[in-house]
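Reading through the structure tokens given below for one structure.
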Amino acid sequence: MTPTHFSFTSAFILGLMGLAFHRTHLLSTLLCLEGMMLSLFIALSLWSLQLNVIPFSTTPMILLAFSACEASTGLALLVATARTHGTDHLQSLNLLQC
Amino acid sequence: SILAWMGLEISTMAIIPLMTQQHHPRAEEAATKYFLTQATAAAMILFASLTNAWLTGEWNISQISHPLSVTLTILALALKIGLAPMHFWLPEVLQGLNLTTGLILSTWQKLAPFALIYQIAPNTNQTLLITLGIMSALIGGWGGLNQTQLRKILAYSSIAHLGWMIIILHFLPNLTLLNLTLYILMTSTMFLSFKLSMATKVNSLATTWSKTPPLAALTMLSLLSLGGLPPLTGFMPKWLILQELTKQNLPITATIMAMTALLSLFFYLR
């Protein structure tokens with residue numbers, strides 16, 4: 001595993017762990033999601049640089065556009081949650097328990 | 001596989017406004033949980049493809065060859081459709097939605113990940129798939145036993161059905177598709193009949209006898225079909241899957257699957 005591969009793999013895994021084990025705020029989950037997308041973007045750009053193929057060079061931009069859409073969806077949901085629950089603490093997200 | 005990822009993201013984002021249409025706090029909480037799980041799963045799929053690209057140079061999703069990438073892709077797709085052990089979001093999300101949105105979630109949203117699963121079927125790890133399938137059928141059966149809310153019962157039944165579908169994937173992917181089609185038909189029937197009788201708890205199902213007796217009879221029949229009893233259509237995929245499993249010399253697996261079908265049948269019959 002080359003150092004480049006290792007670095008973005010570890011960045012992704014760190015973001016994934018942060019997303020899975022978020023404790024108090026919903027916002028940190030969204031931030032970790034963005035971090036994961038960023039590591040994927042870097043990986044995709046470096047890969048298309050290594051291959052030197054032209055058709056693949058636009059895919060990082062497409063990934064960036066879609067992750068921006070996703071982040072905005074997450075933020076809109078966060079705003080909606082804050083409007084009804086009052087805060088984005090995770091303890092208040094327990095309306096649907098058995 | 002960029003297109004696969006984009007398709008999954010678009011389907012997630014299209015469902016989110018449908019879920020929050022109700023302006024109820026439960027609906028929004030369900031939408032938030034759904035969004036988080038689906039976004040994580042989509043990112044993991046992309047990461048698996050990228051890892052495979054870096055390690056073996058192959059970008060096409062139907063030719064993933066590195067075992068770590070295949071495992072990660074299967075786990076991410078299982079998170080997307082709600083297989084155990086990644087099923088924890090499904091009962092809560094389904095509970096927070098109204099019946100129509102829940103119908104779309106259970107049926108249409110399963111089509112896209114299953115298209116991907118079908119494509120990567122030849123490369124998969126047999127042990128992992130069998131583990132996922134058995135765990136899903138077990139948890140689907142046990143978890144549904146103590147439920148009174150209809151939507152959670154349907155959630156656990158979908159977990160069990162997905163376990164059945166996944167278990168046969170390595171041997172005969174066409175059976176998976178057959179099971180998926182029949183499951184979609186039966187689940188749509190259940191959701192629509194619940195919507196017509198406007199019942200959301202098991203107790204309110206008992207009043208449908210006085211309102212519309214034909215509908216109550218139809219609900220009973222389709223419940224039995226979901227459970228997989230012989231004269232009804234629901235038995236066909238289970239029978240074929242068990243047959244295929246025994247052909248491949250896995251009789252213990254087949255027995256366990258049949259036992260868990262009994263568990264689901266019990267809570268259907270209530």
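FYI, side chains are in, hydrogens and waters are out, and symmetry mates aren't considered; it's all heavy atoms of this structure. The sequence lines fix the lettering, A, B, ..., with proteins before strands; numbering per chain opens at 1.
For E70(A), the side-chain hydrogen bond (donor to acceptor under 3.5 Å, both in side chains) test picks out no residue, with sequence neighbours left out. Listed by chain and residue number, I15(B), Q21(B), T101(B), I104(B) satisfy the side chain to side chain contact (heavy atoms under 4.5 Å, CB included) test with L18(B) (two or more places apart in sequence, or in another chain).
Contacts from residues 62-69 of chain A to chain B, taken as heavy-atom pairs separated by less than 4.5 Å, involve I62(A), L63(A), F66(A), S67(A), C69(A) in sequence order. For residues 32-41 of chain A, a heavy-atom distance under 4.5 Å to chain B picks out L33(A), M36(A), M37(A), L40(A), given by residue number.
To the nearest 0.5 Å, atoms OG1 (T51(B)) and NE2 (H5(A)) are separated by 4.5 Å. Atom CG of residue L116(B) and atom CG of residue L8(B) lie 5.5 Å apart, to the nearest 0.5 angstrom. Note: L78(A) CG to F35(B) CZ = 10.5 Å, rounded to the nearest 0.5 Å. For the atom pair L44(A) CG and L46(B) CG, the distance stands at 7.0 Å (nearest 0.5 Å). Rounding to the nearest 0.5 Å gives a distance of 10.0 Å between CD1 of I74(B) and CD1 of I45(B).
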*Would you check, one step at a time, whether the test side chain to side chain contact (heavy atoms under 4.5 Å, CB included) holds for I117(B) with I81(B)?*
CA-CA 11 Å; I117(B) 289 178; I81(B) 58 181; 4.0 Å; yes
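For the options L19(A), T4(A), T73(A), heavy-atom pairs under 4.5 Å to chain B are most numerous at T73(A).
Considering every non-hydrogen atom in both P113(B) and K80(B), the closest pair reads CG-CD, 4.1 Å.
A donor-acceptor pair under 3.5 Å is formed between the side chain of W89(B) and the backbone N or O of L79(B).
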